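Down below is the structure, laid out as structure tokens.
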There are 2 protein chains.
Amino acid sequence: MTSKQFSSVWVREPRQSKAQGHGLSRDQIVRAALELLDAEGLEALSMRKLGAKLGAGATSLYWHVANKDELLELAYDEIWGDMPVPDPDTVGWKDTASAFAHGMRQAILRHPWAASLIGRMPAIGPNSLRAGDRLCRALVLAGFRGMDQDYAGSAITAYVIGTTIPEVAWRSMSQAAGYDTESMREIVKMAAADYPDLVARTEHLAGLDERAVRAVNFDFGLLCVLDGLERRLGS
Amino acid sequence: MTSKQFSSVWVREPRQSKAQGHGLSRDQIVRAALELLDAEGLEALSMRKLGAKLGAGATSLYWHVANKDELLELAYDEIWGDMPVPDPDTVGWKDTASAFAHGMRQAILRHPWAASLIGRMPAIGPNSLRAGDRLCRALVLAGFRGMDQDYAGSAITAYVIGTTIPEVAWRSMSQAAGYDTESMREIVKMAAADYPDLVARTEHLAGLDERAVRAVNFDFGLLCVLDGLERRLGS
DNA sequence: ACCTGAACACCGTTCAAGT
DNA sequence: ACCTGAACACCGTTCAAGT
């Protein structure tokens, strides 16, 4: 029953607050939530724990936010706050799109818990919209109009979240299990034993630094997407 | 503490079972879980509810599966079971990759709860591996070798999950809220009011059938990815 | 305007005990 | 070999009551 409903904090008026200064504030709660999320992950965030961290009862939070999902929505949008997107007019659409993609990936890598939220809340907070608007304008500048503009934008974001979600998942699994990359690969090899091609595919990764491989992998695919987009412009 | 750990059902020996015939079996549990998931979604699946559906206590399940995550891993892999992937030798790599992508998308759309599991469990079950192997072979046939082969494969799967996760999310949100597509778009427009380009972007969707738009969107992006991959082959 | 504590209706999982 | 029930340690959320 949680985590659904399209009601979004962003379209509801916030509770009016007095001048205050003492006691809890929504910003303060969101900041504390972010700290907890960054430090311990999504599953570690409970209203009780967050309340305790703020020296208050769990139920005190409910005056400032409607429920946990709304709190997560607020925290989630913060993630996109420090995504540097250059001005498309000066660097061109491809570089802008590329910077957007890299910034988005970094934002998720820096806040891995956000990966699990991607399918769960609408990304219509102010930070998210600002970044989206920049990408949007870059695509107009490229020459995409009408539907194609939507399609192009969603191809880029889809690629980013599609690469980054598994990347984050892999990292957090290996970390939680206390395994290094090499032993993780061993396990995958065991599971895939029946498929020589798949085994070979993990075997040639032996000795390679995972993060480096992921980074190159990301650029490779991004190049494909951008090349493909460019080609659609011609026709 | 749940949902992490790299321990995967697929690399652990299952409990040996007798001839039986009466009582619970692992297959039976997984089948019931799938029914519940398809009917009511991920959040509605609890061990107690599943036990009840099978006429047993919740704790009875723990003899057949180690924990809830393991059960989800088993159910999750089933999703990829009916993904038709043609033989790359007869239809060529691009058509194979395209069929793979469409099959993957359909599998997720048919079992929306699986979308939330994508970043949470390793996809190394038998069905998942079989499909992966086919894609892998198609890419070899295309001419991708070594790292490029990995990169190409992950570009395709990344694109699919990156498009499909938000699609499923959008659907389930509108369904849960009881809104139709048009009123959902109104809400997004309100949230994005400060960004004329973004408002325009949702405005020209007015009156269009969402599913149809999504389908075209998917093909557009997929074409970009495949075109981009093809171009990398040349160099 | 803001915070509290008690209470409700849930969870997943363990474990001793049964058959 | 398999199932049970009681129990533990949690959840998110509501709500009457306080200040």
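So you know, we letter chains A, B, ... as the sequences are listed, proteins then strands, and number each from 1. Any value given below was found using the heavy atoms of this structure, including those in side chains, with hydrogens, waters and symmetry copies removed. The model shown is predicted, which means the values in this text are computed figures rather than measured ones.
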Starting at [atom1] of [X] and ending at [atom2] of [N], how long is that distance when rounded to a whole Å?
{"X": "A:Tyr62", "N": "D:dT13", "atom1": "OH", "atom2": "P", "result": "4 Å"}
{"X": "B:Leu54", "N": "D:dC2", "atom1": "CG", "atom2": "C1'", "result": "15 Å"}
{"X": "A:Lys68", "N": "D:dT14", "atom1": "NZ", "atom2": "P", "result": "14 Å"}
{"X": "A:Leu50", "N": "D:dT13", "atom1": "CG", "atom2": "C1'", "result": "15 Å"}
{"X": "B:Arg26", "N": "D:dA1", "atom1": "CZ", "atom2": "P", "result": "16 Å"}
{"X": "B:Glu43", "N": "D:dG12", "atom1": "CD", "atom2": "C1'", "result": "12 Å"}
{"X": "B:Leu72", "N": "C:dG12", "atom1": "CG", "atom2": "C1'", "result": "12 Å"}
{"X": "A:Asn67", "N": "D:dG12", "atom1": "CG", "atom2": "C1'", "result": "9 Å"}

Base paired to D:dA6 (Watson-Crick or G-U; both N/O distances under 3.5 angstrom):
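Paired with C:dT14.
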Searching all strands shown, indicate the nucleotide that pairs with D:dT19 (Watson-Crick or G-U wobble; both distances under 3.5 Å).
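The answer is C:dA1, by the H-bond criterion.
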Are side-chain heavy atoms of [X] and [Y] found at a separation under 4.5 Å?
{"X": "B:Ile118", "Y": "B:Tyr76", "result": "yes"}
{"X": "B:Asp82", "Y": "B:Asn127", "result": "no"}
{"X": "A:Trp113", "Y": "A:Ile79", "result": "yes"}
{"X": "B:Glu70", "Y": "B:Asn67", "result": "yes"}

Are B:Arg31 and B:Glu35 close enough for a salt bridge, meaning some N to O gap below 4.0 Å?
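No, this pair does not count.
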Tell me whether the guanidinium CZ or amine NZ of B:Arg105 lies under 6.0 angstrom from the six-membered ring centre of B:Phe218 and within 45° of its axis.
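Yes, cation above the ring, under 6.0 Å and within 45°.
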Can you check each nucleotide of nucleotides 3-8 of chain D against protein heavy atoms at under 4.0 Å and return B for base, S for sugar-phosphate only, - for none, in 5' to 3' order?
SBBB--
Has A:Tyr195 got more than 12 heavy atoms of other residues, nucleotides or ligands less than 6.0 Å from its OH?
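Yes, OH of A:Tyr195 has more than 12 neighbouring heavy atoms, counting only those of other groups under 6.0 Å.
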For A:Lys49 and A:Ala66, find the nucleotide of DNA chain D closest to each by heavy atoms; which residue's nucleotide sits nearer the 5' end?
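The answer here is A:Lys49.
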For B:Leu45, report the nucleic acid contact type (base, sugar-phosphate, nothing); a contact means any heavy atom under 4.0 Å.
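The residue B:Leu45 makes sugar-phosphate contact but no base contact.
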